[in-house]
Amino acid sequence: MTDTSETRSADSAAHETQRSWLHRLMRYLPLIAPVLLWTVPCWLLLQTGQHWPLPVTLTGTALFALGLIGMPLAMMRGHGRRQQDWAAIIGDTLLGTIWVLFTWSVLLGVLLRLALTVTGVGDGQDRARIVTWAVLGAAAVLLTWGYAEARRVPRVRQLDVQLPRLGAGLDGTRVALITDTHYGPLDRARWSARVCETVNTLKADLVCHTGDIADGTAERRRAQAAPLGTVQATRARVYVTGNHEYYSEAQGWVDLMDELGWEPLRNRHLLLERAGDTLVVAGVDDVTAESSGHAGHRANLAGALNGTDPDHPVLLLAHQPKFVDRAAAAGVDLQLSGHTHGGQIWPFHHLVRIDQPALAGLSRHGTRTLLYTSRGTGFWGPPFRVFAPSEITLLILRSPQRRFVGG
């Protein structure tokens, strides 16, 4: 008979070994990735049998070379110490563009060339040129659509979430979730105001922001974040830090959110009470806080739950989904997170899943704990969203006892 505990241990060890190997690989990606991203499409679209006229080949190669040199330089100036917004816009846009071009040069390019060869369409040069134009056309369409998706006000995603321990008095509690707004180099003050207007139409009891408000300090992005002060909730507006706050003077963001009327749940909780029933709403700093060098910032779930009744259900705000292991161990009923952006630009979600246990939506962890992972309200870096739409989320909490309300 197989010892299932030993089997699980072996599987866990193998999984951890794989994760360790992937994490080591990720360390070298910043050096390897730009070269691959720019040279692979250059070779596939210009050098694999197209026989373009020499001026076309030289011009195309020069553009790819400029991208290879210019993108890292622009990103360093935009996201490094200087933080020049114009450079960040250029670098981020080039990154998103070449990621899409790289992906579809490989996927569409290889498959289409194979299909044309099998069906006998044209000669070698004709097939190569058809592939090039098809890849460029597909990339242009996806980038145009992806830009529109990134810049629009997110659609509202609504779902009921049943919490077995939720009392009947709290059945129907409306929880609105926004996250990863990432106010940044592109001025999105008007977009921010429209997002807040949409949130206000939801008539939420509790509005949550699970971090990554912006890229840049609170002083620098204040105008874009200011509309958050107009958000309405019947009971509370609560906020926790994300990892990007710790790149940009996190305490400044905590202070600004407090100034705007939000309650920063820094390893603490509040109680939501109605009709004799109670829901614990807790929050923790992001898991990167302790290593960030910001004094007094760290994720402390025990501190967040200190003094709570263990029989009361717990709603936890934690920026990263991977915090759910600690949440499940503590018996949390529902964790709300963001961070993943749903991958943002397909197929980047495969890399996200290396680091996170969930990409988007509702998932169960352990016997009690549910995790809802939002795809995010804004975007980070490249102003594109491809097959990973943004969202504003409305969670309606349901009690299994609701059918008995009213006798």
Side-chain angles (χ1 to χ4, degrees), residues 16 19-20 23 26-27 79 177-183 206 208-219 221 225 228 236-260 262-271 280-310 312 314-341 352 354-358 365-366 369 371-374 376 380:
E16 287 302 317
R19 285 172 64 90
S20 176
H23 279 295
M26 292 288 285
R27 293 178 187 175
H79 298 288
L177 171 62
I178 58 175
T179 185
D180 299 274
T181 41
H182 282 286
Y183 303 124
L206 181 71
C208 308
H209 194 308
T210 54
D212 278 9
I213 294 179
D215 296 294
T217 63
E219 180 181 358
R221 307 301 183 203
L228 292 173
R237 297 174 294 171
V238 293
Y239 155 74
V240 294
T241 56
N243 57 303
H244 278 249
E245 276 85 328
Y246 293 100
Y247 310 146
S248 307
E249 300 176 10
Q251 189 58 47
W253 281 110
V254 172
D255 294 341
L256 178 59
M257 289 298 276
D258 185 47
E259 178 187 324
L260 294 174
W262 290 68
E263 251 190 279
L265 294 181
R266 296 201 49 243
N267 305 316
R268 51 183 291 269
H269 69 271
L270 56 81
L271 301 179
V280 177
V281 180
V284 292
D285 292 342
D286 184 63
V287 293
T288 61
E290 190 167 4
S291 61
S292 69
H294 289 73
H297 286 253
R298 66 187 183 98
N300 181 3
L301 182 56
L305 299 179
N306 184 43
T308 60
D309 187 329
H312 288 161
V314 177
L315 170 65
L316 174 70
L317 277 63
H319 177 66
Q320 298 194 41
K322 65 183 177 183
F323 196 82
V324 75
D325 289 345
R326 300 186 218 180
V332 166
D333 298 81
L334 174 62
Q335 175 179 315
L336 302 183
S337 298
H339 186 68
T340 69
H341 298 205
V352 175
I354 294 171
D355 188 51
Q356 300 294 335
H365 302 263
T369 304
L371 165 67
Y372 186 82
T373 306
S374 169
W380 174 84

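All values reported here derive from a predicted model rather than from experimental measurement.
For the atom pair OG1 (T340) and NE2 (H319), the distance works out to 9.0 Å, reported to the nearest 0.5 Å. To the nearest 0.5 Å, the span separating CD on E245 from NE2 on H297 amounts to 10.0 Å. Atom-to-atom distance recorded for D215:CG and H182:NE2 is 5.5 Å, nearest 0.5 angstrom. For the atom pair T179 OG1 and Y239 OH, the distance stands at 10.0 Å (nearest 0.5 Å). To the nearest 0.5 Å, the span separating CG on L260 from CD1 on I213 amounts to 8.5 Å. We find the NE2-OG1 distance between H294 and T241 to be 9.5 Å, quoted to the nearest 0.5 Å.
A218 and G252 get closest at one heavy-atom pair: CB-O, 3.5 Å. Across all their heavy atoms, S374 and G376 have their closest contact at OG-N, 2.9 Å. Contact detail for A330 and L301: the closest heavy-atom pair is CB-CD2, 3.6 Å. Considering every non-hydrogen atom in both Y246 and S292, the closest pair reads CD2-OG, 3.4 Å. Closest approach of T373 to G338, counting heavy atoms only: CG2-O, 3.8 Å.
The shortest side-chain heavy-atom distance between V324 and P357 falls under the 4.5 Å cut-off.
A distance-only check finds a donor-acceptor pair linking the side chain of D180 to the backbone of H339 [under 3.5 Å]. No side-chain donor-acceptor contact under 3.5 Å links D333 to the backbone of L315. Here the side chain of N267 pairs a donor or acceptor atom with the backbone of N300 at under 3.5 angstrom. Counting only distance, with no hydrogens or angles, the side chain of W262 and the backbone of L228 share a donor-acceptor pair below 3.5 Å. With D285 contributing its side chain and R298 its backbone, the two residues share a donor-acceptor pair below 3.5 Å. Using modelled atom types, one side-chain atom of S337 and one backbone atom of A318 make a donor-acceptor pair closer than 3.5 Å. Proximity of a side-chain donor or acceptor of E263 to a complementary backbone N or O of R237 within less than 3.5 Å is not detected. A donor-acceptor pair is defined here as one N or O able to donate and one able to accept, closer than 3.5 Å; no such pair exists between the side chain of H244 and the backbone of A214.
Annotation: side chain to side chain donor-acceptor pair (under 3.5 Å) contacts of T369 (sequence neighbours excluded): none. Checked against side chain to side chain donor-acceptor pair (under 3.5 Å), E290 has no partners two or more places apart in sequence or in another chain.
For the side chain to side chain contact (heavy atoms under 4.5 Å, CB included) criterion with C208, the lone passing option out of I178, V240, V238 is V238. Under the side chain to side chain contact (heavy atoms under 4.5 Å, CB included) test applied with V281, the options L316, L265, V314 reduce to a single match, L265.
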> Does the side chain to side chain contact (heavy atoms under 4.5 Å, CB included) test come out yes or no for V284 and R326, once each step is laid out?
Replying inline: CA-CA 11 Å; V284 292; R326 300 186 218 180; over 6 Å; no

> Yes or no on side chain to side chain contact (heavy atoms under 4.5 Å, CB included) for L305 and H269, after CA distance, side-chain angles and deciding distance?
Replying inline: CA-CA 7 Å; L305 299 179; H269 69 271; 5.6 Å; no

>> What verdict does the side chain to side chain contact (heavy atoms under 4.5 Å, CB included) test give for W253 and R221, after you've listed the backbone C-alpha separation in whole Å, the side-chain angles of each residue and the deciding distance to 0.1 Å?
In response: CA-CA 10 Å; W253 281 110; R221 307 301 183 203; 3.8 Å; yes

> Does the side chain to side chain contact (heavy atoms under 4.5 Å, CB included) test come out yes or no for D355 and Q320, once each step is laid out?
Replying inline: CA-CA 10 Å; D355 188 51; Q320 298 194 41; 4.3 Å; yes

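Residue-environment remark: CD (Q251) exceeds the threshold of 12 foreign heavy atoms within 6.0 Å.
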